[in-house]
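Just below is one structure, and these are the notes that go with it.
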Amino acid sequence: MTHTLLWFRKGLRLHDNPALQMAIQKATRLMPVFVLDPHFIDPDRVGINRMAFLLESLVDLDRRLRTLGSRLLVLRGQPEEVLAHAFSTWQVGRLCFERDTEPYARNRDERLRSLAQKCGIEVVSPTGHTLFDPDAVLKAGGGRAPLTYSAFLRVISRLGTPAQPQPTPAHLPPPIAEICESPDYAIPTLTELGYTDLEAVNHRYPGGETAGLERLGDYLADRARVAHFAKPDTDPTAFDPPATTVLGAHLKFGCLSARTFYYEVQAIYRQARSHTEPPVSLLAQILWREFFYVLGYATPNYDRMAGNPICRQIAWDDNPAYLAAWSEGRTGYPWIDAAMHQLEREGWLHHLSRHAVACFLTRGDLWLSWEAGQAVFERLLVDQDWSLNASNWMWLSASAFFHAYHRVYSPISFAKKYDPAGRFVRHYLPALERYPDAFIYEPWKAPLSVQREAGCIVGRDYPEPIVDHTEARTRNIERMRMAFTADPSTLPT
DNA sequence: CTAAGTGTTGTAATC
DNA sequence: AGATTACAACACTTA
Ligand SMILES: Cc1cc2nc3c(=O)[nH]c(=O)nc-3n(C[C@H](O)[C@H](O)[C@H](O)COP(=O)(O)OP(=O)(O)OC[C@H]3O[C@@H](n4cnc5c(N)ncnc54)[C@H](O)[C@@H]3O)c2cc1C
């Protein structure tokens, strides 16, 4: 007779879930638990779209558990406290949870592990979130995380292919009788968690395993698009529908298994006459995720410049007015502002839009720290993912991985090649809706008569550009050059 | 050790 | 119109 507590954190799914598989091996009673940790429940730090996505994912998980004779039990409070209580009241003998390599999680899980062991509880914590065990990747790389993508691909090729996805169980052991129908463990509402503006929930694809698998199926149905997917050629201004999968949040919360994604794409490649290759292919995208997960695992202070051995040390400015203008989408550059409004409204941006706004904030125009941008993304992105967010911010700010700092995105010309008529800008910045195409990316250049005609006067109804891009770009490339020559001692050894 | 090859995704001017 | 080039010359990996 074994009472097993299965602790869901990420990995909010029943398909390909190693922790679940191990949990049911010996269990006579299975208690599937999610803990509402106050650390993650904070309307000031977690945007409403991501919280809504999480709650949808929990509702779906509960529904799926119930079809297998089980249910989700939501506990509220510090994980150590509420789980310690659960261990004793439910006579738990075994604790299973998916391994999480982020620093907060490693700390938390270490404490939980020793607590459980003190209570004589067996702890099982398999890898399930990534394609490979990050320790196995490190070992294959000689104990270091590769710093280039191609070196990373070589290293993982030594590991063979990722483990095959595990099937969804056909039935589950029930929880102990007293709590099967108890209303005490219900999934909360947004209001209960302190969110007030419920109208603002506007993410495009709902959360949950069911929705994630469905979205994957829908995207993969266009086999030619999958086979010929080339990331830099996808259109950042496409929004209805977006050009890429928008599966980031499902992958981050584990509603969708990375291995399932991997093998489903492989299946299409096998039937296609030809397909694209890394680094641009669709399969390559899930490998980028893997690459950055390993780096985040192996690198100290990964989400900061200070004390981060792979991050170039740069004397960024501190300018709260610029930062506010950027994060609130009022820089005076319509393409940048429209993207920031899309981020705020929907919690998602195309990869190249992320490039554009990140470059603008850091080395391109405003010369502000990537950490400030990371914090804004962390709050607003539905697919916010600790390793990926930090990695990509370092990339765009030329702090690590990427060094061709004279390649600066233009906030005027870049989006024009995709969307000369400015559909994207008009959609996300309705104030500019009636501008003629010729001025949609540079409204300040429109003659006053045109501005009046369009019903939007620059400086009154829409801001003047906060910096002159051409000047800022020249100056910042020079500053970059100095940062690159100034301090070679900060480079990794 | 040195040296050559390589690197997801820029822009603007030019032919 | 699509490819080529200047811009200015970097870091990491591997031979
Ligand atoms: C400044 C900046 C911050 C970012 N922050 C995040 C973040 O917090 N969370 C996040 O998931 N992605 C982040 N990205 C990476 C990338 O932009 C998104 O993963 C992608 O745009 C999400 O859209 P999608 O799911 O349609 O991507 P697709 O192109 O459909 O890719 C499928 C999946 O592959 C993975 N992937 C794709 N591109 C990358 C990449 N560059 N790095 C790592 N994994 C990748 C993601 O899991 C993604 O969902 C960031 C990029 C930048 C430039």
Side-chain angles (χ1 to χ4, degrees), chain A residues 140-158 228-238 242-244 275-292 294-295 298-299 308-314 333 335-336 339 349-360 362-365 388 391-418 420 441-442 468-493:
Chain A
R144 299 165 52 119
L147 282 161
T148 63
Y149 186 65
S150 44
F152 171 79
L153 293 181
R154 272 193 298 279
V155 167
I156 59 167
S157 72
R158 286 175 222 146
H228 303 302
F229 185 96
K231 186 67 163 270
D233 298 342
T234 55
D235 180 355
T237 66
T244 54
H275 61 80
T276 46
E277 294 287 346
V280 299
S281 62
L282 187 56
L283 193 71
Q285 303 311 306
I286 208 72
L287 298 171
W288 279 104
R289 174 180 183 270
E290 196 78 9
F291 172 51
F292 289 137
V294 174
L295 277 154
T299 311
N308 180 340
I310 72 161
C311 181
R312 185 169 299 282
Q313 305 296 304
I314 296 173
Y333 287 94
W335 155 238
I336 300 298
L349 282 178
H350 183 276
H351 186 53
L352 293 177
S353 312
R354 300 183 200 206
H355 274 228
V357 301
C359 182
F360 188 90
T362 58
R363 66 186 171 84
D365 295 83
L388 310 191
S391 304
N392 282 283
W393 273 101
M394 285 190 266
W395 187 297
L396 262 295
S397 61
S399 298
F401 313 116
F402 171 86
H403 316 288
Y405 53 78
H406 55 277
R407 293 187 194 165
V408 173
Y409 286 93
S410 163
I412 299 153
S413 0
F414 180 70
K416 251 188 216 170
K417 1 179 238 249
Y418 301 93
Y441 291 105
E442 309 167 88
D468 178 305
H469 171 66
T470 311
E471 267 171 33
R473 174 184 180 280
T474 312
R475 179 151 164 268
N476 291 341
I477 288 177
E478 185 52 35
R479 293 218 258 190
M480 268 290 161
R481 182 179 303 114
M482 281 157 65
F484 269 67
T485 44
D487 198 5
S489 68
T490 62
L491 295 179
T493 45

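Every chain is numbered from 1 and lettered A, B, ... according to where its sequence line falls, protein lines coming before strand lines.
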Only one of H350(A), Q285(A), H351(A) passes side-chain hydrogen bond (donor to acceptor under 3.5 Å, both in side chains) with K231(A), and that residue is Q285(A)

For the residue pair H469(A) / Y333(A), report whether a side-chain donor-acceptor contact shorter than 3.5 Å exists. no

Those residues at least two apart in sequence (or on a different chain) that pass side-chain contact (heavy atoms from CB on, under 4.5 Å) with S391(A) are F292(A), Y302(A), F401(A)

Across all chains, not counting sequence neighbours, the side-chain contact (heavy atoms from CB on, under 4.5 Å) partners of H228(A) are A224(A), S274(A)

Pairs: protein N or O with nucleotides 13-15 of chain C N or O, under 3.5 Å:
from: dT13(C); atom 1: OP1; to: L147(A); atom 2: N; distance (Å): 3.2
from: dT13(C); atom 1: O3'; to: R154(A); atom 2: NH2; distance (Å): 3.1
from: dT14(C); atom 1: OP1; to: R154(A); atom 2: NE; distance (Å): 2.8
from: dT14(C); atom 1: OP1; to: R154(A); atom 2: NH2; distance (Å): 2.7

Suppose you measure atom [atom1] in [N] against the same atom in [M]; what distance do you get, rounded to whole Å?
N       : M      : atom1 : value
dT8(B)  : dT5(C) : P     : 23 Å
dT14(B) : dA8(C) : P     : 16 Å
dC7(C)  : dG7(B) : P     : 24 Å
dT6(B)  : dA9(C) : C1'   : 14 Å

Applying salt bridge (Lys or Arg N to Asp or Glu O under 4.0 Å) to R473(A) and not counting sequence neighbours gives none

Could you pull out all donor-acceptor pairs under 3.5 Å where a side-chain atom in residues 393-400 of chain A meets a protein atom, sequence neighbours excluded?
from: W393(A); atom 1: NE1; to: N389(A); atom 2: OD1; distance (Å): 3.2
from: S397(A); atom 1: OG; to: W393(A); atom 2: O; distance (Å): 2.7
from: S397(A); atom 1: OG; to: M394(A); atom 2: O; distance (Å): 3.3
from: S397(A); atom 1: OG; to: S399(A); atom 2: OG; distance (Å): 2.8

Verify stack between Y149(A) ring and dT8(B) base, 5.5 Å, 30 degrees:
no

Practice prompt. Tell me what K417(A) touches on the nucleic acid: a base, only sugar-phosphate, or nothing, going by heavy atoms under 4.0 Å.
Written response: sugar-phosphate

Worksheet item: Hey, does V280(A) reach any base, or is it just sugar-phosphate, or nothing, if we go heavy atoms under 4.0 Å?
Response: base

Residues 392-417 of chain A vs salt bridge (charged side-chain N to carboxylate O under 4.0 Å, His left out), sequence neighbours excluded, gives K416(A)-E442(A)

Residue pairs meeting salt bridge (charged side-chain N to carboxylate O under 4.0 Å, His left out), one or both in residues 277-292 of chain A, sequence neighbours left out, come to none

Between the protein and nucleotides 7-10 of chain C, are there any N/O to N/O pairs under 3.5 Å, and if so, what are the atom names and distances?
from: dA9(C); atom 1: OP1; to: R481(A); atom 2: NE; distance (Å): 2.9

Show every donor-acceptor pair shorter than 3.5 Å between a side-chain atom in residues 476-484 of chain A and any protein atom, with sequence neighbours excluded, or say none if there are none.
from: N476(A); atom 1: ND2; to: G364(A); atom 2: O; distance (Å): 3.1
from: N476(A); atom 1: ND2; to: D365(A); atom 2: O; distance (Å): 3.2
from: N476(A); atom 1: ND2; to: A472(A); atom 2: O; distance (Å): 3.2
from: E478(A); atom 1: OE1; to: R481(A); atom 2: NH1; distance (Å): 2.0
from: R479(A); atom 1: NH2; to: D317(A); atom 2: OD2; distance (Å): 3.1

Over 12 non-hydrogen atoms of neighbours within 6.0 angstrom of CZ in R158(A)
yes

Those residues at least two apart in sequence (or on a different chain) that pass side chain to side chain donor-acceptor pair (under 3.5 Å) with S353(A) are none

| message | Once you measure the plane-to-plane angle for F414(A) and W335(A), does it fall in the parallel (<30°), tilted (30-60°) or perpendicular (>60°) bin? | response | tilted

Might you list the N or O atoms of the protein lying below 3.5 Å from N or O atoms in nucleotides 12-15 of chain B, with each pair's distance?
from: dA12(B); atom 1: OP2; to: S413(A); atom 2: OG; distance (Å): 2.6

One should report the stems of DNA chain B, each a stretch of at least three consecutive Watson-Crick or G-U pairs at distances under 3.5 Å, as B:2-7 with C:10-15, B:10-15 with C:2-7

